[in-house]
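Basis for what follows: all heavy atoms, side chains included, without hydrogens, waters or symmetry-related copies.
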Amino acid sequence: MWSVHGDGYRIEPGQVVAPGERLAWAPTIGIGMQHVVAMFGATFLVPLITEFPPSTTLLFSGVGTILFLLITANRVPSYLGSSFAFLAPIAAAQGQHGPAGALGGVVMAGAALFLIGLIVQAVGHAWISRLMPPMVTGAIVALIGLNLAPAAWNNVQEAPTTAFATLLAIVLCTVIFRGLLGRLSILLGVVVGYVVAVIRGEVDTTAISEAGWVGAPEFMLPDFHWNVAGLFLPVVLVLVAENIGHVKSVAQMTDSSSEALDPMIGRTLMSDGLATTLAGAGGGSGTTTYAENIGVMAATKVYSTAAYWIAGFTAIGLAFLPKFGAAIQTVPVGVLGGAATVLYGMIGVLGFRIWVEHRVDFSNPINLTTGAVALIVGIANYTWVVGDLAFEGIALGTAAALVLYHGMNGINRLTGAVASEGDHLQVGGSTHPDPELANPTWTDPRQ
C-alpha cells in the first residue's frame with residue numbers, strides 16, 4: 001500500500017516522505033506513537049472537562065482516524081482528536097438534559113457535517129468559501145473560545161494555587177523546550193500541575209488501584225432533544241473551516257499546490273462527520289482534524305499515512321487499559337482550570353489569527369460591525385428563549401456573524417454607501433468588489 005522512501009531510514013535534505021510512501025516499519029511505528037503523544041494532551045482534556053469517560057473518547061479518536069484514512073483512500077494524513085469547539089455546547093446541554101442529552105447534540109453535529117460532506121462531494125466546496133469567508137469564520141472561532149472564559153475561571157477558583165502552578169508550567173515549557181517538547185507544553189504543564197496537586201493532597205488515587213489492567217471502555221447511549229440543536233450546529237461551521245484548512249495545509253506542506261487535495265475535501269468532511277457521529281453514539285467527544293499532528297509532520301518531514309494507522313491502533317489499544325483511563329480521571333479541577341485558561345484563550349486567538357492571515361480589512365465598517373456584534377453576543381452569552389428552545393451565545397453569535405456579514409454586504413451592493421480602499425473609508429462611494437481586501441476565500445492567504 002505504501003512505497004518505501006529511499007532506504008527506509010534516511011530523508012535527504014529538501015525531501016519529504018509523501019502520504020503514499022513510508023519509512024521502514026521500525027521508524028514508522030515510532031513516528032506513529034509520536035503522533036499519539038502529540039494529540040494526547042489536548043484530546044484527553046476534553047473528556048476531563050466535560051466529564052465524559054477519557055478511555056471512550058480515546059477509543060473513538062482512534063476509530064475515527066482509521067475511518068478517515070479509509071474514506072480518503074490513504075491520501076490525506078490526519079489524526080482525528082477531540083474538538084474544543086464542542087466544550088461550550090456540551091456544557092450547556094448537560095445543564096439541560098445531562099450527559100446523554102449532550103451526546104445527542106454531538107450526534108446531530110456529526111450527522112450535519114457528514115451531510116455537508118456529501119453535498120461538497122457532489123457539487124464542490126466553492127459555496128462554503130462564499131458562505132463562510134475568513135471574516136465570518138474568524139468571528140465564530142473566536143466567540144466559541146471566549147464564551148468559555150467563565151468556565152475556566154470557575155475551575156481556577158476551586159484550587160487557585162494548583163491552577164497557577166499549571167498555567168505557569170505551560171508558559172515556561174513553551175519557551176524553554178524546543179521541537180516536540182515545546183509543542184507538548186500543555187501536556188507537560190498538566191503533569192507538573194498534577195504533581196503539585198498530589199503534594200497538596202488534592203488527588204484521590206483510589207480509582208486507579210481499583211481499576212483492572214485490561215477491560216472495555218465505558219459506553220453511553222445518546223438521548224435526543226431538538227432544543228439543543230441550536231447549541232451544536234454552529235460548531236459544524238467551525239469543523240468545516242478546520243477541516244478545509246487542514247487539507248490545504250497538508251497539500252502545501254507536501255510540496256504541492258494548496259489546491260492539490262481539494263477534490264478530497266468532500267471525503268474529509270464526510271469522514272470527520274462520521275467519526276463525530278460514532279463518538280456521540282457511544283459516549284465519546286466530537287472529533288476534528290488535529291493541528292498538533294501537523295506540527296509533528298512539519299518537524300519530521302514524514303507525511304506517510306502509514307504512521308497514522310499506527311497512531312490510530314495505538315489509541316485504540318490504550319483505550320482498553322482501565323488503569324490508564326482511571327489515572328486520567330484523577331486529574332483535579334485546579335489543573336483543569338490552569339490548562340483551560342490557556343486552551344480557551346487559544347481558541348479565541350485562533351479566530352483572530354484567521355483574520356490576520358487573510359488580511360481582513362477592519363477599516364471596512366461592515367467587517368468591523370460583524371466582528372463587534374458577534375463577539376459581544378458570544379462572550380456575554382446572550383440568550384433567546386422560544387418556547388422549549390433556548391438559543392445561547394454561540395448559536396446567536398454565529399447567526400449574527402452570518403446574517404450581518406451577508407446582509408450588510410447585500411444591502412451595500414444596492415446602496416454603495418460603504419467602500420473601503422486601503423485604510424481610507426469613503427462614505428457614499430462605489431461599492432468595493434471585495435469587502436475583505438486580500439482574499440475572501442481559503443485559497444491563498446499569502447496573496
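In this structure, Gln94 contributes its side chain and Ala91 its backbone to no donor-acceptor pair below 3.5 Å. A side-chain donor-acceptor contact under 3.5 Å links Thr56 to the backbone of Glu218. Side-chain N or O atoms of Asn409 include none that pairs as donor or acceptor with a backbone N or O of Ile366 at under 3.5 Å. Here the side chain of Arg22 pairs no donor or acceptor atom with the backbone of Val4 at under 3.5 angstrom. Proximity of a side-chain donor or acceptor of Asn147 to a complementary backbone N or O of Gly378 within less than 3.5 Å is detected. With hydrogens and angles disregarded, a donor-acceptor distance shorter than 3.5 Å links the side chain of Asn154 to the backbone of Pro150.
Taking CD1 of Ile116 as the start and CE of Met270 as the end, the distance is 12.5 Å to the nearest 0.5 Å. Between the CG atom of Asn74 and the CG atom of Leu69 there is a distance of 5.5 Å, given to the nearest 0.5 Å. A distance of 10.0 Å separates CG in Asp272 from CD1 in Ile71, rounded to the nearest 0.5 Å. To the nearest 0.5 Å, the span separating CG on Leu58 from CD1 on Ile316 amounts to 9.0 Å. Here the CG-NE2 distance, from Asp223 to His97, works out to 8.5 Å after rounding to the nearest 0.5 Å. Residue Leu269 holds its CG atom at 12.0 Å from OG1 of Thr72, rounded to the nearest 0.5 Å.
Scanning both residues, His406 and Arg130, for their nearest heavy atoms gives CE1-O, 3.1 Å. The minimum heavy-atom distance between Ala279 and Ser285, with the atom names listed, is CB-O, 3.3 Å. Residues Asn367 and Met135 come closest through the heavy atom pair O-CE, 3.4 Å. The two residues Phe52 and Pro99 make their nearest non-hydrogen contact at CE2-CB, 4.0 Å. Looking at every heavy atom in both residues, Gly280 comes nearest to Leu103 through O-CB, 3.5 Å. For Ala315 against Ser61, the heavy-atom pair with the smallest separation is CB-OG, 4.3 Å.
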| Val46 vs Leu87, side-chain contact (heavy atoms from CB on, under 4.5 Å): CA-CA, chis, key distance, verdict | CA-CA 7 Å; Val46 173; Leu87 288 174; 3.9 Å; yes
| message | Could you walk me through whether Thr287 and Phe68 satisfy the side-chain contact (heavy atoms from CB on, under 4.5 Å) test, starting with their C-alpha distance in whole Å, then the side-chain angles of each, then the deciding distance to 0.1 Å, before giving a yes or no? | response | CA-CA 11 Å; Thr287 63; Phe68 185 96; over 6 Å; no
| query | Taking it one step at a time, do Leu59 and Phe320 satisfy side-chain contact (heavy atoms from CB on, under 4.5 Å)? | reply | CA-CA 8 Å; Leu59 170 67; Phe320 286 87; 3.8 Å; yes
| request: Kindly indicate, with the supporting measurements, whether the criterion side-chain contact (heavy atoms from CB on, under 4.5 Å) is fulfilled by Tyr303 and Val17. | output: CA-CA 6 Å; Tyr303 301 90; Val17 180; 5.8 Å; no
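Between the side chains of Tyr405 and Thr369, not a single donor N or O lies within less than 3.5 Å of an accepting N or O. Side-chain atoms of Thr289 and Ser78 include no donor-acceptor pair closer than 3.5 Å. Between the side chains of Thr162 and Glu202, a donor-acceptor pair is found at a separation under 3.5 Å.
Pro47 is listed as a side-chain neighbour of Ser82, based on a closest heavy-atom distance under 4.5 Å. Two residues are said to be in side-chain contact when any heavy atoms from C-beta on lie closer than 4.5 Å; Val196 and Thr166 fail this criterion. Using a 4.5 Å heavy-atom cutoff, the side chains of Trp226 and Met108 are in contact. The closest side-chain heavy-atom distance from Thr65 to Trp309 is not below 4.5 Å. Between Ser271 and Phe114, every side-chain heavy-atom pair lies at or beyond the 4.5 Å cut-off. With a 4.5 Å cut-off on side-chain heavy atoms, Leu239 and Phe86 count as touching. Counting heavy atoms from C-beta outward, Val228 and Pro89 have side chains that stay 4.5 Å or more apart. Thr28 places none of its side-chain heavy atoms less than 4.5 Å from the side chain of Trp2.
The environment of Glu51 atom CD is sparse: at most 12 non-hydrogen atoms of other residues, nucleotides or ligands sit within 6.0 angstrom.
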